[in-house]
Amino acid sequence: MMNDKYDLTEWMERRSGPRLDKSNDHRNVYQRDRARIIHSAAFRRLQSKTQILAIRQNDYSRTRLTHSLEVAQIGGGIVYHLHASNDQEAAFQPWLASDSLIETICLSHDIGHPPFGHGGEVALNYMMIDHGGFEGNGQSLRILGKRGSYSEHFGMDVSRRTMLGVLKYPALHDTVVGKYPPKPDSLREFKAKNWHPPKCIYAEEKELLEWILSPFSQWDREQLSQVTWHESSQHGRTAHCSFDTSIMDLADDIAYGVHDLEDAIVLGMVTRDMWQQHLRPKLDEINSAFLKDNLSRLEEQLFSKQSHLRKKAIGDLVSWFITTCYVQEIQSFEHPLLRFQATLPEAERTALNVLKDFEMQHIIMRPEVQMLVYKGQQMLLEMFEALAADPARLLPKELAKEWRQCHEQGANSHRIICDYMASMSDDYASRMYKTLFVPSSGSVFEPI
């Protein structure tokens with residue numbers, strides 16, 4: 001049972017304080033959080049932001065918006081499974097997220113990601129190297145707590161627990177950033193592999209991070225923000241997250257590993273020969289009764305020409321991952337929201353990693369995909385360079401005013417430019433590039 005010393009209500013607080021009740025509005029705080037996300041401009045822009053395959057190359061592949069919807073559906077499935085398949089007296093049950101809470105976290109987990117996918121993230125980080133960096137998860141938290149449109153000072157002003165759920169990497173930029181090589185003389189010499197960002201929160205959000213973590217003990221805060229360094233990695237990284245985040249992260253991995261594979265199969269980027277050569281041998285090695293009984297059938301259905309059979313295989317894979325999730329306890333933490341974690345058994349985790357690694361090697365790293373990534377990166381690099389050269393002249397009026405105030409106060413005015421660039425959809429960024437650099441193109445007078 002829940003320990004009385006831990007309070008659920010403090011996680012429902014907003015930074016703006018208690019709200020004035022609306023007449024006849026009986027929704028709880030997490031239902032209102034969900035409404036704020038769904039009705040936000042930042043969420044709508046995800047419909048025109050790249051997931052894996054570039055938008056406009058076809059009308060089938062997933063966008064950041066459809067991916068986020070799928071993550072929310074899978075996250076809800078995990079919560080339902082954990083609730084229904086465990087003793088109702090289990091210690092984690094009172095802390096298991098509600099449907100509206102987990103949906104809110106999942107729907108908003110990518111809300112800060114920039115145009116052109118992770119390629120765009122690397123490009124913006126390159127331009128922000130000397131100004132605090134850029135990272136998609138950190139930007140998501142910044143929108144929820146500072147830049148969203150529901151509050152003058154507190155962004156989306158969502159609840160503390162919603163922001164904790166989105167907080168995948170609870171460490172400030174300067175505590176995890178490693179060493180970068182010298183910058184090249186020309187943007188054309190930019191090599192993406194050298195400029196990946198650390199997983200972090202910006203220095204500007206230090207106060208927000210402290211507010212989110214304030215209900216935890218000093219011991220738990222120190223454990224949660226502990227950074228590990230590995231010789232194989234350029235940057236340091238945190239190793240822990242909250243209970244809610246672990247559910248969202250699993251749902252994100254499942255959606256990426258299974259649903260994004262479906263896109264590639266339908267578009268002919270993954271063939272049955274590729275499956276048999278690169279995936280089947282690795283999946284055959286996994287000690288799993290489900291795979292031993294179903295792998296041949298799944299292969300037949302995935303590569304059949306009948307969409308209902310392919311959907312059956314995709315659904316069975318997703319269901320397999322969801323229904324094998326379980327809760328583990330990390331004894332080093334005191335608070336239930338940190339002590340409990342959703343995870344997968346070894347066989348299922350191995351299988352999911354095999355699918356994700358395959359997609360990285362044989363889909364994302366394909367030259368024709370990387371050429372589109374490179375093009376998007378170059379557009380962002382050149383636009384950022386232009387905007388930073390004369391922001392008072394080129395930024396939209398209100399942003400130019402905000403930039404000027406930051407600049408005069410000695411604050412990080414480059415972050416304002418970066419916020420603008422990150423908020424762009426793929427389409428908007430492409431039109432902005434043409435407006436800035438193609439003489440025959442017109443203006444981009446539209447809201448951002």
Side-chain angles (χ1 to χ4, degrees), residues 46-74 109-110 113 115-122 136 192 249-284 286 291 294-322 348-377 426:
L46 297 179
Q47 68 187 302
S48 187
K49 290 193 179 188
T50 295
Q51 168 63 11
I52 289 183
L53 303 175
I55 297 168
R56 304 303 181 205
Q57 299 302 306
N58 61 80
D59 60 1
Y60 174 85
S61 58
R62 287 162 169 87
T63 65
R64 286 277 177 188
L65 179 63
T66 57
H67 167 74
S68 296
L69 293 171
E70 288 172 338
V71 173
Q73 186 273 321
I74 295 170
H109 83 285
D110 271 353
H113 276 256
F116 310 120
H118 287 289
E121 179 184 42
V122 175
D249 210 20
L250 269 181
D252 191 19
D253 281 352
I254 294 168
Y256 168 56
V258 180
H259 287 302
D260 292 342
L261 176 66
E262 180 187 11
D263 277 3
I265 290 173
V266 171
L267 295 172
M269 299 179 70
V270 172
T271 65
R272 192 166 185 172
D273 285 344
M274 292 171 65
W275 170 280
Q276 292 175 343
Q277 181 179 353
H278 300 288
L279 271 175
R280 183 66 187 258
K282 293 180 179 179
L283 293 174
D284 275 333
I286 298 172
L291 289 180
N294 294 282
L295 194 53
S296 295
R297 173 185 63 83
L298 292 171
E299 180 182 323
E300 288 289 338
Q301 292 177 332
L302 285 171
F303 295 97
S304 73
K305 300 299 182 182
Q306 300 181 64
S307 61
H308 72 280
L309 293 177
R310 186 178 64 251
K311 283 295 183 185
K312 174 70 166 60
I314 293 296
D316 286 350
L317 282 169
V318 170
S319 178
W320 174 48
F321 288 123
I322 289 176
E348 285 75 11
R349 172 54 70 184
T350 301
L352 191 53
N353 287 338
V354 165
L355 293 175
K356 289 168 57 184
D357 292 345
F358 173 84
E359 289 173 40
M360 175 60 70
Q361 183 178 353
H362 296 282
I363 302 173
I364 295 175
M365 297 310 297
R366 287 171 71 123
E368 56 267 42
V369 173
Q370 284 302 304
M371 280 191 284
L372 294 173
V373 172
Y374 174 80
K375 181 168 68 173
Q377 287 174 329
D426 292 19

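For this chain, numbers begin at 1 and follow the sequence in order. Computation of the quantities below employed the complete heavy-atom set of this structure, encompassing side-chain atoms and omitting hydrogens, waters and symmetry-equivalent molecules.
- With values rounded to the nearest 0.5 angstrom, Asp260 atom CG is found 11.5 Å from Lys356 atom NZ.
- What you find for Gln377 and Ala192 is that their closest heavy atoms are NE2-CB, 3.6 Å.
- Here the CD1-CD distance, from Ile322 to Glu348, works out to 12.5 Å after rounding to the nearest 0.5 Å.
- The line from CE of Met274 to CZ of Phe303 is 8.5 Å long, rounded to the nearest 0.5 Å.
- Here the shortest heavy-atom pairing between Arg64 and Gly117 reads NH2-CA, 4.0 Å.
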Quiz item: Between Leu46 and Thr63, does a side-chain contact (heavy atoms from CB on, under 4.5 Å) hold up when you go through it step by step?
Solution: CA-CA 7 Å; Leu46 297 179; Thr63 65; over 6 Å; no
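- Nearest heavy atoms, Val258 versus Glu359: N-OE2, 4.2 Å.
- Side-chain contact between Phe358 and Leu261 is present, with at least one heavy-atom pair separated by less than 4.5 Å.
- Contact check for Leu352 versus Phe321: side-chain heavy atoms found under the 4.5 Å cut-off.
- The line from CG of Leu317 to CG of Leu302 is 6.5 Å long, rounded to the nearest 0.5 Å.
- Within the 4.5 Å cutoff, the side chain of Gln370 has no heavy atoms near those of the Pro367 side chain.
- One finds no salt bridge joining Asp357 and Lys282 here, because no Lys/Arg side-chain nitrogen approaches an Asp/Glu carboxylate oxygen to under 4.0 Å.
- Taking CG of Asp263 as the reference point, atom CD1 of Ile363 lies at 8.5 Å (rounded to 0.5 Å).
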Quiz item: Taking it one step at a time, do Leu295 and Asp284 satisfy side-chain contact (heavy atoms from CB on, under 4.5 Å)?
Solution: CA-CA 8 Å; Leu295 194 53; Asp284 275 333; 3.4 Å; yes
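- Glu300 has a carboxylate O that lies under 4.0 Å from a charged side-chain N of Arg272, or vice versa, which qualifies the two as a salt bridge.
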Quiz prompt | Derivation and outcome, salt bridge (charged side-chain N to carboxylate O under 4.0 Å, His left out), residues Asp426 and Lys49 | solution = CA-CA 5 Å; Asp426 292 19; Lys49 290 193 179 188; over 6 Å; no
Exercise. Output, in order, the C-alpha distance, side-chain angles, deciding distance and verdict of salt bridge (charged side-chain N to carboxylate O under 4.0 Å, His left out) for Lys311 and Asp316.
Key: CA-CA 8 Å; Lys311 283 295 183 185; Asp316 286 350; over 6 Å; no
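- Looking only at atom types and distance, the side chain of Arg297 has a donor-acceptor partner in the side chain of Gln301 under 3.5 Å away.
- Asp253 approaches Arg349 most closely through the heavy-atom pair OD2-NH1, 3.3 Å.
- For the pair Arg62 (side chain) and His259 (backbone), a donor-acceptor distance under 3.5 Å is present.
- Interatomic distance, Arg280 CZ to Leu291 CG, rounded to the nearest 0.5 Å: 9.5 Å.
- In this structure a side-chain-to-backbone donor-acceptor pair under 3.5 Å is missing from Glu70 to Ala255.
- With 3.5 Å as the limit, one finds a donor-acceptor pair spanning the side chains of Glu299 and Gln276.
- Between the side chains of Asp249 and His109, no donor N or O sits under 3.5 Å from an acceptor N or O.
- Classification of the His113-His118 ring pair by plane angle, with boundaries at 30° and 60°, yields perpendicular.
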